[in-house]
Amino acid sequence: MDKGDRRLVPGQVEGGSEAVSFSALVEARLSRRDVLRSAVAAGAVLSLGGLARPAYGAATGAPSTLAFDNVSQAITETHHVPPGYRADILIRWGDPILKGAPAFDPRGQNAEVQAGQFGFNNDFVAFMTLPRGSQASDHGLLFVNHEYAAASAMLTPDQAKPRSPEHTALEMAATGASVIEVKREGGTWRVVPESAYARRITAKTEIALSGPAAGNRRLQTQADPTGRRVLGTVNNCGGGTTPWGTVLTCEENFNGYFKGALPKQTQEGAYLVRLGLTERPPFPWFRHDLRFDRGIEPNEVNRFGWVVEVDPYDPEAVPVKRTALGRFKHEAATTVLNPDGRVVVYSADDQAFEFIYRFVSKGTFDPQKPETAKDILDDGVLSVARFDADKLTWLPLVHGQGLLTLENGFSSQADVLIEARRAASLLGATPMDRPEDVEVNPATGRVYVMLTGNPDRRTWQVDAANPRHWNTYGHVLELIPPSAGEGTFDHAAQEFAWDVLFLAGPESKRRDAEGRLPPYSGRYGAGTEVTLMNPDNCAFDRQGRLWIATDHVLDGTLTKTTAGLFACDLDGPGRAVLKFFFACPRDAELCGPAFTPDGTTLFVAVQHPEDNAPTDLKEPLWPDFTVGLPARPSIVAITQADGDIIGG
Ligand code: FEO
Ligand code: CA
Ligand code: CA
Ligand code: CA
């Protein structure tokens with residue numbers, strides 16, 4: 001969830017004058033899809049494999065490969081999966097994970113007990129096999145991050161006020177990440193108690209800073225004159241895994257923990273405003289820990305907003321903030337091993353009108369030589385995406401090149417990385433409609449970007465890749481790297497092709513004489529009977545089918561449907577035909593879809609269930625429905641009763 005996001009109610013005007021230029025844009029894209037198909041058919045430009053690519057709304061007359069019935073999108077107090085599936089609560093906020101940690105006590109939560117328990121508001125989930133490097137699907141580690149923790153949601157009203165240092169300490173202990181060991185026995189997943197792998201990472205865990213910005217004077221503080229050691233990580237949202245068995249966990253809305261803007265007439269002040277710093281942050285940690293007060297420690301904020309690499313197999317390993325990947329509100333970091341051995345990491349900056357980034361390592365990784373992974377993410381080129389109607393260009397953010405010079409306030413690559421947004425704007429990157437998760441289809445090499453929406457985009461701001469003004473419901477883009485031969489793709493290429501996969505939102509009942517939908521309508525593959533809203537996290541299954549988790553933050557007051565998990569084929573006759581698989585309990589968003597390697601288990605994270613319910617323990621709430629227990633964010637393990645793969 002993104003605290004502070006505006007909850008706007010859109011007024012969609014059918015056929016208004018504003019719609020004209022917008023309509024032209026969408027139709028131009030539809031035409032371009034036809035051009036793309038022709039190019040593919042001729043084998044001229046891209047290695048798309050000659051796939052049938054139905055235009056929006058075209059009748060395909062063929063079904064999805066996903067063999068389950070849609071669940072209802074109605075809002076209810078609990079979660080739902082299709083018939084034949086089971087969805088078991090695996091672990092809840094407050095369950096003990098470290099040796100000696102106490103059981104959850106709803107009236108006994110404090111920083112000390114919380115530091116040994118599963119954190120609050122589970123978000124990204126990675127299943128890491130045990131033994132390491134195996135394809136085990138019955139035994140592994142779950143790395144889970146905890147986006148944010150609010151004392152007001154964790155304590156009863158009488159405990160939560162007035163705010164005290166203990167509240168700040170509790171929030172710091174409940175945020176960060178958890179590592180747990182999980183096993184499937186007799187068809188049921190359980191958490192291995194007191195596992196030697198179990199770990200909590202909090203807002204106080206020691207973390208190293210590495211890469212070009214590490215040690216820079218802008219990262220030095222009174223407590224850390226080296227600029228290379230920081231305490232903690234905050235607001236971890238999405239993430240990713242690497243081919244060498246580590247996890248990348250991403251700091252997103254770090255601004256919400258720091259007090260202190262500057263006059264926006266100054267360059268730095270304007271940048272802090274752009275990051276969203278205010279005098280009244282939603283998490284007022286500055287009252288009890290002065291490093292979060294910019295007036296006292298101006299550089300601490302520069303030590304947040306990074307991608308953090310964690311080795312989940314070694315509870316003693318010091319996590320590392322990899323500054324070469326840039327500083328912004330990272331929603332996820334998805335790693336691909338390029339055919340030439342270079343490591344490519346895609347990441348998006350989740351804020352309206354911000355950008356999509358890509359890092360390409362200088363060195364190469366050899367899976368036969370694990371030591372080649374060491375610090376490979378510290379040296380490489382960070383680029384940002386510019387979308388034109390006919391191509392995507394990656395613009396390198398390299399100090400000294402183009403406008404990224406001293407005259408524009410960049411004295412080093414560290415400056416470029418610390419102020420990645422400003423550098424990207426100078427280069428002409430394309431402002432996006434809140435880019436969230438990015439994933440690469442293992443079956444085709446194509447890259448998918450969830451744009452969760454941007455109601456603030458106006459008619460004069462629409463472009464080919466963000467084709468709707470007042471984009472309340474979001475859309476999904478498909479990025480297509482060029483072929484690198486033999487069925488591989490060059491993720492390091494400077495130019496990609498791209499396309500729009502979906503426009504989310506309700507599908508209009510109106511069609512023109514040629515059967516086309518109006519431009520503001522949701523657009524899906526023909527036969528879609530459900531409505532996608534605010535795509536956020538995503539994952540691929542082994543068959544290369546896309547699974548999309550949603551968060552209705554942008555129109556929470558309007559939505560009559562629940563958030564949850566959608567899925568679709570990307571190839572063949574079921575391309576872009578969406579189905580709805582998992583319905584969240586009321587008020588929750590769904591995060592972290594993660595499959596076991598064999599595809600028979602899907603782990604999902606239910607975040608902030610019953611966000612609007614009182615915390616007085618008087619109501620039976622998800623997931624326990626027991627008076628005396630609060631609503632608790634939880635991980636759910638989904639399997640088929642017969643052990644078949646998820647989705648069939
Ligand atoms: Fe924390 Fe971008 O969702
Ligand atoms: Ca979210
Ligand atoms: Ca997210
Ligand atoms: Ca993902």
Side-chain angles (χ1 to χ4, degrees), residues 1-5 120-128 142-150 175-177 233-242 247-257 276 282-283 304-305 307 328-336 345-357 432-442 447-454 474 476 533-541 544-554 556 563-567 584 588-595 602-608 611 633:
M1 180 174 183
D2 302 283
K3 292 268 176 189
D5 267 314
F120 201 69
N121 273 338
N122 33 221
D123 199 311
F124 171 71
V125 180
F127 179 81
M128 312 296 286
L142 284 189
F143 176 96
V144 179
N145 64 24
H146 304 289
E147 184 174 15
Y148 66 93
T175 193
T233 178
V234 299
N235 224 97
N236 281 252
C237 196
T241 60
T242 67
V247 170
L248 301 178
T249 180
C250 297
E251 295 182 326
E252 193 194 43
N253 293 311
F254 61 96
N255 56 299
Y257 300 79
F283 300 95
F304 292 83
V307 173
F328 45 90
K329 295 180 183 176
H330 286 276
E331 168 81 36
T334 296
T335 304
V336 202
V345 184
Y346 294 98
S347 193
D349 187 350
D350 181 9
Q351 187 172 308
F353 300 111
E354 293 297 340
F355 309 126
I356 300 168
Y357 296 81
M432 309 299 292
D433 286 345
R434 280 193 58 197
E436 296 254 20
D437 205 356
V438 182
E439 289 282 349
V440 179
N441 185 344
V447 185
Y448 293 80
V449 184
M450 307 298 112
L451 287 304
T452 209
N454 177 9
V476 176
M533 293 186 191
N534 306 122
D536 188 335
N537 301 123
C538 63
F540 278 95
D541 63 19
R545 298 178 299 199
L546 177 62
W547 296 71
I548 303 173
T550 62
D551 173 9
H552 290 176
V553 69
L554 288 179
L565 190 67
F566 296 78
C584 276
E589 72 172 279
L590 196 69
C591 304
F595 290 92
L602 172 62
F603 297 101
V604 294
V606 173
Q607 196 187 79
H608 58 75
D611 221 10

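Remember, it's 1-based here, ligands and their atoms both numbered in the order they're listed. The first residue of the sequence shown is numbered 1, and numbering continues consecutively from there.
A ring-centre distance under 6.0 Å is not found for H146 and Y148.
Of the N and O atoms on the side chains of N253 and E147, not one donor lies less than 3.5 Å from an acceptor on the other residue. A donor and an acceptor atom, one from each side chain of N255 and K329, are located under 3.5 Å apart.
E331 contributes OE2 and D536 contributes OD1; the angle these two atoms make at the Ca ion (ligand 3) is 90°, rounded to 10°.
Metal site remark for atom 1 (Fe) of ligand 1: E147 contributes an N, O or S atom at a distance under 2.8 Å. Among the atoms of C591, no N, O or S atom is found under 2.8 Å from atom 1 (Fe) of ligand 1.
Atom 1 (Fe) of ligand 1 is closest to atom OE1 of E252 (considering only N, O or S atoms). Closest to atom 2 (Fe) of ligand 1 among the N, O or S atoms of E436 is OE1. Restricting E331 to its N, O or S atoms, the one at the least distance from atom 2 (Fe) of ligand 1 is OE1. Summary: OD2 is the N/O/S atom of D350 found nearest to atom 2 (Fe) of ligand 1.
For the atom pair CD1 (I548) and OH (Y448), the distance works out to 10.0 Å, reported to the nearest 0.5 Å.
Between F127 and L142, some side-chain heavy-atom pair lies under the 4.5 Å cut-off.
Checked by atom type and distance alone, the side chain of N441 pairs as donor or acceptor with a backbone atom of G544 at under 3.5 Å.
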